[in-house]
Structures are given as structure tokens and as C-alpha cells.
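All heavy atoms count here, side chains included; hydrogens, waters and symmetry mates do not.
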Amino acid sequence: MINLAEGLRLPTNGLDYTILALYFVVVLGIGFAARRSVRTSLDFFLSGRSLPAWVTGLAFVAANLGATEILGMAANGAQYGAYTVHWYWIGAIPAMVFLGLVMMPFYYGSKVRSVPEFLLHRFGPSSHLLSSVIFAVSSVLIAGVNLYAMAIVLQALLGWPQWVAIVVAGFFVLAYITIGGLSSAIYNEVLQFFVILAALIPLTVVGLKRVGGWHGLTDSLSSSHGDAFLTAWKGTGIGEGNPLGANWLTIVLGLGFVMSFGYWTTNFAEVQRALSAKNLSAAKRTPLIAAFPKIFIPMVVVVPGLIALVMEPTLGKSTDGLQYNDAIPVLMRDLLPNGVLGIAVTGLLAAFMAGMAANVSSFNTVFTNDIWAAYLKKGREDAYYLRTGRVVTAVGVLIGMGTAFIASSFSNIMNYLQTLFSFFNVPLFVVFIIGMFWKRTSAAAGFWGLLSGTAAAMVNYFGLYKQGIITIPSDQGANFVSSIVAFVVGALVMVVVTMVTKPKSAESLAGLVYGTRSPGMAELPAEGDDAWYRRPALLGWGALVLAAVCYVPFSF
């Protein structure tokens, strides 16, 4: 997975470790401060639905900005060049806008505490239990990715043994989530967002200066890798070859629609941040506010990968030398002085902790509310579920430590994550999108669509692609195809099953299908003014236009 070269040991000193220690103190301080607001299970799992939109919006983007993305997308930038921007401008922004404008009114308005709970109301217990188990499994698998990756990085950069790094980071995530619940995780994610930027922006600026600015960077890469390396769409015609191993159809349909919408609209680690907002307007604005910093993240993640490729031309050229995953650590080693280096290491650690905390907090909510309270221990007092949530948090961290070693069997960190998304998130999206817009969809169709979509993605990946029955140029391309297969199979099964089973009554679907409204659905309260920045539709269209404009310099 991440296998950093031995020569990347950083010249850290006492100042760098002092900065790191101060960060840990602040993290725990936020946890203790948030503890005072945790009185009920709703406070613990959803922050009492009391947080402002700017807080939940920054937490939304920080929850996704884990070190797995920072290291993985920088590696993709070094390996694939400008093709990597697709993961942001077509693979994130449209889905985030769709979540805010179309799906959040259903999630927040129905007063559900989790994504699986919405499926309980729309499709019934079978789909609810299956989706809860899928969420729980995927959450601890992805949490394990962050732990394992962090251990390898800290071992290479600071000389910490892997088990020390795992225990230290796991302890701090466990401490501040157990103490302060989701509020602690969210406020720490806001802090982590700024710490991450404080690490990446100097790295990018100093790196660009070292390689002669943007023109020096593009001239060097064009001469060594060709002009297409710095464009997003050249070589993506059907039948043409490119390093990404994908054509425009699989990029637009597989990444831009199926995989992207499957992740951003159903991944509870993200949706949970919006559900903690203080009202429906704030919940709708949460992913829309997050979309704007997300648009510019490639500038401080993908660009450093390109810079590292110029500074270290041997990057990824041999198995026993520097690999693409070494891009960010190479720049940290070669460019940053002590003090700034401490901030960079802290930012990297903050990113790992943000990614892990997001998945652990979603795991404890889904397991406690959608499995334990719904099927195993019903009808207990609220204090019992609050205690259960804290215990489940500890269990989730421990399981994450175990699943970290599953991730080690994959050779590329982003391939592993994208494979998980194609297995788990895409089939959920199929069920959501059809059930939300087709009133006739039956309860049985939800269950069998989810099960068949998941199975189809696994069969395509392990049975066809890995066995060589079908030829796909890269693992990333295979993930795009698996996502399309999961979507198509799940949708077809849902249509067929719906045709031969009885639909739910119209009364039971009020507020759960587009065009209907439940009498108890949360109203949109007055905001006190009609400022432009409070209008979700304007924010959404602004994000889409800005993302499209960003493509222009990379399209020719």
C-alpha cells in the first residue's frame, strides 16, 4: 500500500515535536470542552442538531480530506498528471450539489439519525438491516486504511514503530470522540482543515518557486511526459490509450455519475455532518459550502505531486526506489525548514485523524441506532444508548486497528478505497435514487437491488477482472467499470422485483419520495435575512459553474 522509501527520514528537532505535542493538547481540550454539551444520545451522535452551516460545511470537507486522499491524490498527480482533477471537478462537485439541493431535504426533513434509517422508512427492515451492516463494515475498513497509512508514514518520516503510531493516533481519536461525541469530532475537523492547509500551502508555494513557477513546472513536464500529461481530456476517446486506463465514457458515467453520486450522497461519514446542522437550511448549505474549498483542493494536493515529479525524476521508476506515494514526503524532506516541518507533519497527522474520526463516528451511530437499538436491545432508556455509543466507539477503533492490515494487501491506497466505494456506496445509491423518484418501488425491490448490486460489483472485480476474463488497463479503470455494473444490475433487479411485488401505500411514502411531503417534516425556519450566501440554489449553481471553469486551462 504506502511503502515509503527509507531515505525519507525527516530532520525533525525539538521545535517540530513541540508543535506536534501542542496540537494533541488542543485536540483533547476540544473534546473536554464539547463534553459539557453531551447530555443525550442525540447530542452524542448528531450534536443535538445545533451546529451552524459554516462549521458543518468545513467539517464535511475535512472528513473527506484524510491523509489517504492527500498522499493518494498527490501520488495520482505524479502518476497520471492532470487526469487526477476528474476526481474533484466531475467526481465530487456535481454530487455534492445534488446532495445539498435534492437529498438533504429528505434526510433532514424526515428527522432520521442515519442514512440506513431513511431506508427503514422507505423500504422496511430488511433493507435497513442490510444497509446498516454494509455501512458498519465499510466504516471500519476505511478507518483501518487511515490507521495503517499513518503508521507507515510516521515510521518512515519520524522513525516511530508502526504499533506506536497506531496506538497513539487511535488513542487520541478514541479519547476525543468518546468524551465529546460528534461535536468534538466536528470541531476538531474544522481545526484539522486549517492545520492541513497550513501544511500544504507552504509546500506548494515553495515547491513551485523551486521548479521555476507554473511555467517552469509545465515546461519540464511537457518535455519529459508530453503535452497530454497536463490536460484532463486528451487521449480519453474510446479506443485511445492513456495512463489512467479510462475513456471519457467511463470517466463521466463511472466516476462522474455512478461512483461519485454513490459516495457523496450515501456515505454516512459525510452526510452525518449535514444532519448535525441546526436547521434544514443549514443542512442543505453544508455540502454546498464544502464544495467551494473542494474545488481548489487539487491546487494543494495534485500540484505537489507534479512538483515532486520534476524534483525527483526517478519517482515511481523502480520498485526499490522512490514511489509515487512518496511525493508529499519528498517535498517535506527537501523544502521545509524546522518549525514549518513540524506544522507539515502535524497537518499530515491531523488529516489521518480526521479521516479516521469521520468513519469511527459514523460507525458508532449506525451500529448503536440501526443495529443495536433497532434489533438487539429495543426500548431502553436514552442514557443506555449514550453509554452504548461510547463503548461502540472504543470497539470501532480497535476493529480499525485490525482492519488496517487488510489494507496492506493492496498495492495502491486509492485503488483500495475506490474498490470499497464501488462495492458498498454505488449499490446504495441505486436503491436511494430509484426509491426516491419512483413511488411504485416496493420494499422487496430495495433489499434485492442492494444485495444484487453489491454482488455484481464483487463478481466483476474479483471474478472477471482479477481472473483475466475481461481486460481493463488499470485497477482504477476496473473500479469505474465495477461501479457501472453495480448500478445497472441493481437498477434492473429493482425494476423486475417491483413489477412482481406489492408497493407500499401512498400514505407511508409521504415525505420519502420526491414530490411528497410529510405533515411532520421539518419546516425551513426564517433565517432573519435573505442574504445571497444563504440561498442554496445560488450556492449550488455557483459551485458547478466554478468547477466547469477550472477545467478550461486543463482541456487543451
Side-chain angles (χ1 to χ4, degrees), residues 4-5 7-13 15-16 19-20 65 67 69-85 88-89 153 156-158 193-232 293-317 321-351 549-554:
L4 300 185
L8 286 178
R9 188 67 52 83
L10 297 181
T12 50
N13 62 15
L15 177 60
D16 301 313
I19 294 172
L20 193 59
L65 192 61
E69 170 163 343
I70 292 173
L71 293 177
M73 286 303 178
N76 277 358
Q79 185 172 3
Y80 303 129
Y83 293 106
T84 310
V85 301
Y88 296 88
W89 300 335
V153 169
L157 300 186
L158 303 179
F193 175 75
F194 291 107
V195 172
I196 292 165
L197 290 184
L200 294 177
I201 291 175
L203 202 65
T204 306
V205 172
V206 176
L208 279 174
K209 185 176 180 181
R210 178 69 66 87
V211 297
W214 181 252
H215 290 295
L217 176 66
T218 55
D219 289 344
S220 297
L221 291 176
S222 295
S223 61
S224 61
H225 290 74
D227 293 334
F229 193 73
L230 294 173
T231 66
K294 185 70 176 178
I295 289 171
F296 297 103
I297 292 299
M299 308 307 174
V300 292
V301 174
V302 180
V303 171
L306 301 176
I307 295 171
L309 193 59
V310 174
M311 292 183 59
E312 292 284 352
T314 61
L315 207 66
K317 299 299 183 184
L322 291 170
Q323 302 301 305
Y324 292 119
N325 282 322
D326 297 328
I328 293 290
V330 161
L331 297 185
M332 291 170 61
R333 180 197 66 186
D334 294 344
L335 299 177
L336 300 183
N338 291 111
V340 180
L341 184 60
I343 294 174
V345 172
T346 302
L348 202 59
L349 187 58
V549 169
C550 288
Y551 262 123
V552 175
F554 294 94

Val85 versus Pro298, closest heavy-atom pair with distance: CG1-CB, 4.5 Å
Backbone N/O of Asp227 and side chain of Ser222: donor-acceptor pair under 3.5 Å: no
Heavy-atom pair of closest approach, residues Leu306 and Gly81: CD2-CA, 3.9 Å
Non-hydrogen atoms of Ala78 and Gly305 that approach each other most closely: CB-O, 3.5 Å
Min side-chain heavy-atom separation Pro304-Leu200 under 4.5 Å: no
Side chains of Cys550 and Tyr88 in contact at under 4.5 Å (non-hydrogen atoms): no
Side chain proximity check, Val310 to Leu221, heavy atoms < 4.5 angstrom: yes
Spatial distance of atom CG (Leu331) from atom CD (Glu312) [nearest 0.5 Å]: 9.0 Å
From OG (Ser224) to CG (Leu309), nearest 0.5 Å: 6.0 Å
Donor-acceptor contact present, side-chain Asp16 to main-chain Gly339, <3.5 Å: yes
Side-chain heavy atoms of Ile201 within contact of Thr204, under 4.5 Å: no
Contact summary for Ala344 and Ala199, nearest pair of heavy atoms: CA-CB, 3.5 Å
Distance (rounded to the nearest 0.5 Å) between Ser220 OG and His225 NE2: 11.0 Å
Distance in Å, Leu336 CG paired with Leu341 CG, rounded so as to fall on 0.5 Å steps: 6.0 Å
Sub-4.5 Å side-chain heavy-atom contact between Arg210 and Ile307: no
Interatomic distance, Ile343 atom CD1 to Ile19 atom CD1 [nearest 0.5 angstrom]: 5.0 Å
Minimal non-hydrogen separation, Tyr80 against Phe229, with atom names: C-CE1, 3.7 Å
Validation row: Leu315, Gln79 side chains within 4.5 angstrom (heavy atoms): no
Val303/Trp214 under side-chain contact (heavy atoms from CB on, under 4.5 Å): CA gap, chis, key distance, verdict: CA-CA 10 Å; Val303 171; Trp214 181 252; 4.3 Å; yes
Any donor-acceptor N/O pair, Trp89 side chain to Ile295 backbone, under 3.5 Å: yes
Closest contact, heavy atoms only, Met73 versus Val301: CB-CG1, 3.4 Å
